[in-house]
Asks: 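Structure in C-alpha cells, see below.
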There are 2 protein chains.
Amino acid sequence: MTITTHQRTTILEVAREAKASKTSVSRYFSGERERLSPCMQTRIAAAAQRLGYRPNRMASGLKRGRSKLIGMLVADIRNPFSIAVMYGVEQACRERGLSLMVCNTDNDPAQEREHLSLLASYQIEGLVINAVGSLDQELQTLVQQGIPLVLLERELSEVEAEVVGLDNARAIDLALDHLQDRGYGELLYLSEPPGLASPRQARLTRFQQGVAARNLTGETHCQPLSEPETLQNAISNFIARPGTSPKALLCANGNATLAATRALQAHGAPLGDIGLIGIDELDWCELVSPGITTLAQPTEAIGRAAVECLMRRREAGDRTTPSRQVHFQAILIPRGSTRR
Amino acid sequence: MTITTHQRTTILEVAREAKASKTSVSRYFSGERERLSPCMQTRIAAAAQRLGYRPNRMASGLKRGRSKLIGMLVADIRNPFSIAVMYGVEQACRERGLSLMVCNTDNDPAQEREHLSLLASYQIEGLVINAVGSLDQELQTLVQQGIPLVLLERELSEVEAEVVGLDNARAIDLALDHLQDRGYGELLYLSEPPGLASPRQARLTRFQQGVAARNLTGETHCQPLSEPETLQNAISNFIARPGTSPKALLCANGNATLAATRALQAHGAPLGDIGLIGIDELDWCELVSPGITTLAQPTEAIGRAAVECLMRRREAGDRTTPSRQVHFQAILIPRGSTRR
DNA sequence: TTGTACGCGTTATCAC
DNA sequence: GTGATAACGCGTACAA
C-alpha cells in the first residue's frame, strides 16, 4: 500500500521509516547496495516501497553535477527526418539511463539561441544539435563549460564538436549515377535555400560538380517551398524547355520531394516519364504510383551515433580527443519514378 | 567578452564581480529587478554579461520546488499524430517559459511505468500522457503528489485527470454519413486491436452502433498491422465476397490507413471503386491518386489544450476543480477515394 | 557496516 | 535598498 502524501517523500523520511540513516538509503539507491547488510537492504526496500520513494534528480544532479539529461535542439520537429533521428537518440539515451529534453526551434535562430541557453541552465550532460543559424559563439560557450556537443550535419568549422550525418557527396553521386544509368540526361535540382545549413550546401555543390563531371545538363532551383506556385512554374518551365534527353528532378530532402510530387501531379506529368528521385525515405514514397525512388538515410543509426559520440567525449575528459566526423552512407531504393 | 571558465558561473561569482550580495543577484534574475537601485542593476547586468551567467535551474528547482519542466509520455514517437500533438504541446510550453521532457515508450507498458517514475523524479510540474497500458496506480501516485495530469484520449476512469482529444463518436458518425452519402453500403472497419486504448475502443463501438443504426453492413478487422498478409487476406476476402452494394474501408487511424493503402495497391483494387476513408490527415493522402479521404484531427489545438489544462489545474490548487474533458471535432476532407 | 556533517547553487526570511 | 543566513534533498568524505 502506498501512503498518500501530497508532498514528495524525501530520503530522510525513508531513513526514519527504515530506522536507518540517510547515508544508507542514499547508498541503496546509488548502486552501492552490496555494501549494506541484507537486513538493512530489505528494511530500506520495504520502507521505500511503502512510501513510494524516488530519489529527487534535481537534488542529486545539483550535488553530483550530473543531471542525467541530454538535450536535443531540433530545427523542425515536423520534419520526418528529424523525428526519425530523434527516435534513435531517444533509444540510445534510454539504454544509458539518460532522459531527453527536446526543443523545437521552428527554424528560427533567435529561438535556437534561447533554447540553447535554457538547456544549459538545466545542466545537461550533452547536446545534440540540428539547427539552421550560426551559433558559433553560443556553442563555444557550451564547449567551454565542458558540455559535449554533437552537430547533426551542420559542420560549423569553429566549434570543437562531433559531426554526425550523411555522406552527402556520395549520396548525390549515387543519385546522379542512378539517373544517368536510367537514361536521364537533363536534371533539375530542387532544394530549399542552402543558407548556412551545411548539408544543403554540400549537396548542392556536389550536384553541380557531379553534373559537370558526367556531362549532364543540370539546373538548380533553391527557393523556399512555402509558395507552391514558384516551384510549379520552375518545374513547368523545365519540362517545357526543348531538350535532347529525358528529364529528371533530384530533390534535396523529404520536403522537396513532397513539394515536387505535388507540383508534378498538378502539372499532370506522369512519374517516370519525368524522373524523380529524392533524399530521405518516407512512408508514402512506395505508395505514390509507380513509387518514388529515394535515397534512404540510416536515421536511427545517426541518432544512436550522436549519443555515442556524446558519451565517448564525456568519458574521455573532454579536451583530449580531437573532434571527429561520422558519416553514414545513403541507401538507394529504386522505384518506378526513375524507370521510363 | 565572455570569460573562459570550464565550470559554470555561479551566482556567487557574479555577486563578487558586481560587488553585490548573492541576494541582490538572485533578485535581479527572478523578476524583482525593480527593487534594486539602478546602479546596482547595471553593475549586476554587466557582471553577468561578462561572466556569461545563467541561473542554474536545477538549484532553483530544488529550492523553489518548481522545475519549469513539463513531461510528455508518447506511446509511439514515430506516429505522425503523436508528433503533431507534440508540436502543439511544445509551442504552448515555450510560450509559458516551460521546457519539455519527452519520453517515447514504444507501446510498452513496462517502459511507460519506468518513464513515468523517471519523469516524476525530475519534479515535473505537469504531465501529458499518451499511453497504451493501464497505469491507474502509477498515475494515482502522481496525482497524490500534486502533479497535474492530462490524458490524451485515454480515459482512465479512476484517475482524476483532464482528458483531451477527439470526439470519437462524432468522427465515426461523420465518416459513416459520408460513406452512406457516397453510396457505400458494405463496410470493413480496420483498426489495431483496441486493447485498453480507449479511443480505439470508442471508435470501434461507435462504428458498430452506427452501422446498425444506418442499416449498413459492417465488419471489423482488429489485428496488429505488423503482418501485412493478415490484413491483405482480410481485405481480399472482403472484396471477393458477393455483395449488393459498393464496398468501403474505414481506417481507425493513420497507421491503419497506410496499411490499407498498401494492401489495396497490392491487391490491385483502384481507390474509389473500393472506398477508403481514414482518421488522421497525413501529408501523402492527397498524393496517392485519386486522393484519400480523411478525417483530420486538430492536432496542434489538442496539444495546446493539453498544456492549458495542465496550467489551469496547477493554478487552481489542484484538488478543487473537478476533472474535465475537452473534445475536438474532426474535419472531413473528401477526396477521390470515396468517389465512385 | 553504519552514521555525521558539510556543500552543491539557489531562493526565502529576516535583519539592517 | 541591501545583505547575512538558513533551508531545499541529496551525495560523500570522514569518523566510528
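Fair warning: this is a prediction, and the values are worked out from it, not measured in the lab. Letters A, B, ... are given to chains in the order of the sequence lines, protein chains preceding strands, and every chain is numbered from 1.
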Asks: Indicate yes or no: does A:R94 engage A:E90 in a salt bridge with an N to O separation below 4.0 Å.
Replies: yes

Asks: N/O contacts under 3.5 Å, protein versus nucleotides 5-8 of chain C?
Replies:
from, atom 1, to, atom 2, distance (Å)
C:dG7, N2, A:K63, NZ, 3.3
C:dG7, N3, A:K63, NZ, 3.3

Asks: A:M58 has an atom CE; how far is it from atom P of D:dG9, in whole Å?
Replies: 13 Å

Asks: Measure CZ/B:R57 against P/C:dT11 and give the value in whole Å, please.
Replies: 10 Å

Asks: Over how many whole Å does the gap from B:N56 atom CG to D:dC8 atom C1' extend?
Replies: 13 Å

Asks: Could you give the CZ-to-P distance, from B:R66 to C:dA12, as a whole number of Å?
Replies: 10 Å

Asks: State, to 0.1 Å, how close B:A120 and A:R8 come at their nearest heavy-atom pair, and which atoms those are.
Replies: O-NH1, 3.3 Å

Asks: Could you tell me how far apart B:K68 (NZ) and C:dT10 (P) are, to the nearest whole angstrom?
Replies: 16 Å

Asks: Keeping to residues at least two apart or across chains, list the salt bridge (charged side-chain N to carboxylate O under 4.0 Å, His left out) pairs with something in residues 21-30 of chain A.
Replies: none

Asks: Taking only side-chain nitrogens and oxygens of B:S21, does any of them come within less than 4.0 Å of OP1 or OP2 of D:dG3?
Replies: yes

Asks: For DNA chain C, find the residues of residues 24-44 of chain A with a heavy-atom distance under 4.0 Å and give them by number; none if there aren't any.
Replies: A:S24, A:R27, A:R35, A:L36, A:S37, A:M40

Asks: From the options A:V85, A:V89, A:V128, select the one residue that forms a side chain to side chain contact (heavy atoms under 4.5 Å, CB included) with A:I302.
Replies: A:V85

Asks: Excluding sequence neighbours, so at least two apart, what forms side-chain contact (heavy atoms from CB on, under 4.5 Å) with B:A305?
Replies: B:V164, B:F328

Asks: Expressed as a whole number of angstroms, how long is the span from B:R8:CZ to C:dT10:P?
Replies: 8 Å

Asks: Nearest whole Å is fine: how far is D:dT12 P from A:I11 CD1?
Replies: 11 Å

Asks: Output all residues satisfying side-chain contact (heavy atoms from CB on, under 4.5 Å) with B:R64, sequence neighbours left out; order by chain, then residue number.
Replies: B:R66

Asks: Going through the checks in order, is the side-chain contact (heavy atoms from CB on, under 4.5 Å) test met by A:M101 and B:L100?
Replies: CA-CA 6 Å; A:M101 278 186 68; B:L100 185 61; over 6 Å; no

Asks: Indicate the atoms forming the closest heavy-atom contact of A:R96 with A:V307, along with that distance.
Replies: CD-CG1, 4.1 Å

Asks: Atom CD1 in B:I11, atom OG in B:S26: separation rounded to 0.5 Å?
Replies: 4.5 Å

Asks: Out of B:L149, B:I124, B:L119, B:I129, which one pairs with B:L142 under the side chain to side chain contact (heavy atoms under 4.5 Å, CB included) rule?
Replies: B:L149

Asks: A:A75 and A:T105: which non-hydrogen atoms are nearest, and at how many Å?
Replies: CA-OG1, 3.4 Å

Asks: Measure the distance from CD on A:Q123 to C1' on C:dT10 and round it to the nearest whole Å.
Replies: 11 Å

Asks: Taking five pairs at each end, how big is the angle between the two axes of the helix from C:dT1-D:dA16 to C:dC16-D:dG1, to 10°?
Replies: 40°

